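Throughout, residue positions are numbered sequentially from 1 according to the sequence presented. Bear in mind the structure is a predicted one, so any value in this text is a computation, not a measurement.
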Amino acid sequence: MKLISNIKRLAETQPNALAFVSQDQKIRYGELWKKAEQTASSILNLDPKPLSPILIYGHMEPDMIVAFLGSVTAGHPYIPVDTSIPMERITKIIESSKTKLVINVSEEPLFIEDSSVQVVNSAQLLNHSFLPVTMDSWVKEDETFYIIYTSGSTGNPKGVQISADNLQSFVDWMVEDFPINGGLRFLNQAPFSFDLSVMDLYPALASGGTIFAITKEMIAKPKILFEEFKKSNTQVWTSTPSFAQMCLMDPTFNQELLPELSVFLFCGEILPVSICEQLKHRFPKAKIFNTYGPTEATVAVTSVEVKDEILQEYQTLPVGKAKGDTQIVLLDENQQPVSEGEKGEIIIVGPSVSKGYLGQKEQTEKAFYIYNGVQAYRTGDAGYIEHGLLFYKGRMDFQIKLHGYRMELEEIEYHIAKSKYVKSAVVVPIYQKEKIDYLSVLIIPTEHNFEKEYQLTGAIKKELGEVLPAYMIPRKFSYHEELPITPNGKIDRKQIREKVLL
Ligand code: AMP
């Protein structure tokens with residue numbers, strides 16, 4: 001695979017160049033490759049089933065990328081799992097992926113109940129008398145490179161399989177079509193369990209760049225975050241618009257803080273005009289790109305540079321044009337292409353579209369199919385094309401984005417409804433200026449002995465904390481004797497939304 005060969009070559013030609021920095025931890029290209037080789041050789045000694053996935057648990061440690069590269073060079077896909085993911089969810093991921101090997105990169109001990117799963121510490125894999133693995137064992141072509149788990153409406157997360165070819169198509173587009181090539185310094189905001197992290201990780205490693213990774217501790221302490229920004233001297237910024245908006249609240253977030261920042265790459269949610277205007281004002285040297293795509297099509301497939309003309313012309317920004325090897329098709333409810341300017345479901349057709357969800361045939365068949373001989377994905381996003389540019393017009397189902405995180409309202413409802421204190425529950429997103437500000441849940445409670453509602457809320461939240469990541473737990477809880485029902489017996493979300501807004 002070209003990407004892995006590039007990293008190997010960089011380790012030989014620029015071994016002392018920094019590959020990855022996170023607060024006080026760093027790794028250089030030479031050491032990264034050597035440790036990856038040691039890890040790969042130890043993985044092969046453990047002799048896991050060919051092509052079986054390896055779960056890699058940790059946060060922003062440099063050894064996370066060592067473990068990623070170790071897995072793929074040993075011929076195994078990896079599943080990145082951030083330390084913010086609760087144990088029950090990890091158990092579900094292990095069950096659904098049939099993972100038998102877990103590499104713990106974090107310093108915390110990791111206990112997996114299933115005794116057939118082997119948990120090894122990443123340091124244990126650094127075998128010093130190792131036999132280098134050959135290119136023959138690397139993950140290649142249609143074999144899976146990584147699996148990222150996203151929220152699923154059935155209550156279980158779905159594992160999106162991204163192959164070596166999918167990832168290569170994405171990385172080629174990034175380094176060829178964006179001004180990010182040539183050993184630049186990249187900022188990484190997203191934890192590795194989200195595919196936004198792939199937007200900087202592999203383009204940076206493919207082009208000899210350095211990744212500066214933000215940790216959750218930094219995000220919790222803005223003072224430290226800004227000190228780290230300063231030290232990073234970032235040139236390429238990758239984040240969700242929500243994260244940039246948070247940074248913009250601080251007036252010192254400007255070109256003086258990051259004098260060499262030349263590119264902003266955004267993906268994952270609507271990029272508001274107001275954010276671009278502020279960024280253009282504060283970072284006059286930087287170009288801004290809006291990109292669009294789901295995890296299922298490898299991070300992003302369309303892009304547009306948000307130039308002044310675009311900002312002046314549109315109140316809602318376009319998401320741009322498809323990358324050269326990809327086609328965007330808009331279909332109506334009868335699966336017929338719509339005409340220019342008309343709204344339809346966005347279908348992505350091209351080489352970066354995943355083969356499907358791991359072990360989930362039914363869900364895969366619903367979302368993926370072959371269009372004119374090429375792999376295609378039904379995004380569930382609505383859009384239209386005007387002047388050759390794609391515009392995003394929201395979701396067609398209950399999938400939402402909150403502060404950049406993708407989630408299914410039905411998955412949250414499923415877990416709330418499982419609580420012993422809950423008869424039924426409906427989760428409603430609360431908007432502010434066309435953006436979701438927080439989630440509110442309306443609950444019909446079971447009989448309980450709590451005197452006050454906040455105690456009941458506390459008890460339900462505690463249960464939820466064990467199964468859902470914190471960002472999926474609604475902020476506001478309210479209790480009702482009944483919830484409105486439509487004439488055909490379904491929960492009446494429209495009426496509920498109106499009720500919540502009162
Ligand atoms: P994820 O799989 O987390 O990347 O989420 C993918 C979804 O995020 C897409 O299907 C869209 O609904 C939304 N999304 C991604 N990029 C954009 C964008 N630039 N503008 C609006 N929505 C976006």
Side-chain angles (χ1 to χ4, degrees), residues 22 55 57-61 64 79-94 105-108 110-111 148-153 155-158 188-197 213-222 224-225 239-243 245-247 249 268-269 295 398-419 421-422 425-430 432 435-443 453-478:
S22 187
L55 188 144
Y57 179 78
H59 186 49
M60 288 298 179
E61 301 82 1
M64 284 296 274
I79 306 172
V81 174
D82 188 69
T83 48
S84 60
I85 308 290
M87 205 53 224
E88 275 213 43
R89 205 173 174 82
I90 299 178
T91 307
K92 278 189 173 165
I93 293 175
I94 290 178
V105 177
S106 80
E107 281 179 0
E108 295 143 41
L110 183 65
F111 177 72
I148 282 188
Y149 275 80
T150 71
S151 178
S153 56
N156 289 324
K158 298 180 287 197
N188 173 74
Q189 171 247 317
F192 292 123
S193 37
F194 298 98
D195 86 332
L196 182 61
S197 63
I214 292 175
T215 61
K216 52 182 186 236
E217 290 77 21
M218 291 184 207
I219 296 181
K221 295 204 181 95
I224 300 184
L225 178 66
S239 82
T240 56
S242 293
F243 184 73
Q245 191 164 34
M246 188 192 90
C247 295
M249 287 185 349
E269 54 179 356
T295 305
F398 300 127
Q399 182 180 302
I400 57 146
K401 276 287 167 107
L402 174 61
H403 305 138
Y405 292 114
R406 163 173 162 179
M407 57 194 92
E408 298 273 354
L409 293 178
E410 290 157 300
E411 181 179 4
I412 305 173
E413 285 169 1
Y414 169 88
H415 286 290
I416 299 178
K418 267 182 45 181
S419 159
Y421 306 112
V422 176
V426 179
V427 177
V428 186
I430 306 297
Q432 208 189 22
K435 195 166 185 270
I436 300 173
D437 189 23
Y438 64 91
L439 299 180
S440 178
V441 56
L442 291 85
I443 290 176
E453 278 187 354
Y454 77 85
Q455 294 167 320
L456 174 59
T457 302
I460 301 173
K461 277 193 173 170
K462 188 162 176 278
E463 287 184 358
L464 286 179
E466 283 162 21
V467 284
L468 289 180
Y471 60 80
M472 286 175 80
I473 300 176
R475 189 198 294 171
K476 198 167 160 208
F477 282 61
S478 62

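- Inspection of the S153 and E411 side chains reveals no N or O donor paired with an N or O acceptor under 3.5 Å.
- Checked by atom type, the side-chain pair K401/T240 shows no donor-acceptor distance below 3.5 Å.
- Counting non-hydrogen atoms of other residues, nucleotides and ligands closer than 6.0 Å to NZ of K216 gives a total above 12.
- Side-chain contact between L402 and P429 is absent, with no heavy atoms from C-beta onward closer than 4.5 Å.
- Between R89 and Y149, every side-chain heavy-atom pair lies at or beyond the 4.5 Å cut-off.
- Using a 4.5 Å heavy-atom threshold, the side chains of N188 and M60 count as touching.
- At least one side-chain heavy atom of K435 sits under 4.5 Å from a side-chain heavy atom of E269.
- At a threshold of 4.5 Å between non-hydrogen side-chain atoms, the residues I436 and I430 do not count as touching.
- Contact annotation: the side chain of Y57 approaches that of E108 to within less than 4.5 Å [non-hydrogen atoms, C-beta and beyond].
- A donor-acceptor pair shorter than 3.5 Å cannot be found between the side chains of S151 and E408.
- Within the 4.5 Å cutoff, no side-chain heavy atoms of P86 are placed close to those of V467.
- Contact record, P80 with S193: O-CB, 3.4 Å, taken as the closest heavy-atom pair.
- When every heavy atom of M407 is checked against every heavy atom of I412, the shortest pair comes out as SD-CD1, 3.8 Å.
- The side chain to side chain contact (heavy atoms under 4.5 Å, CB included) search around T457 returns K461, F477, Y479, not counting sequence neighbours.
- In this structure, L439 and I400 have side chains that are in contact, with non-hydrogen atoms separated by less than 4.5 Å.
- The two residues E466 and E88 come nearest to each other via the heavy atoms O-CB, 3.2 Å.
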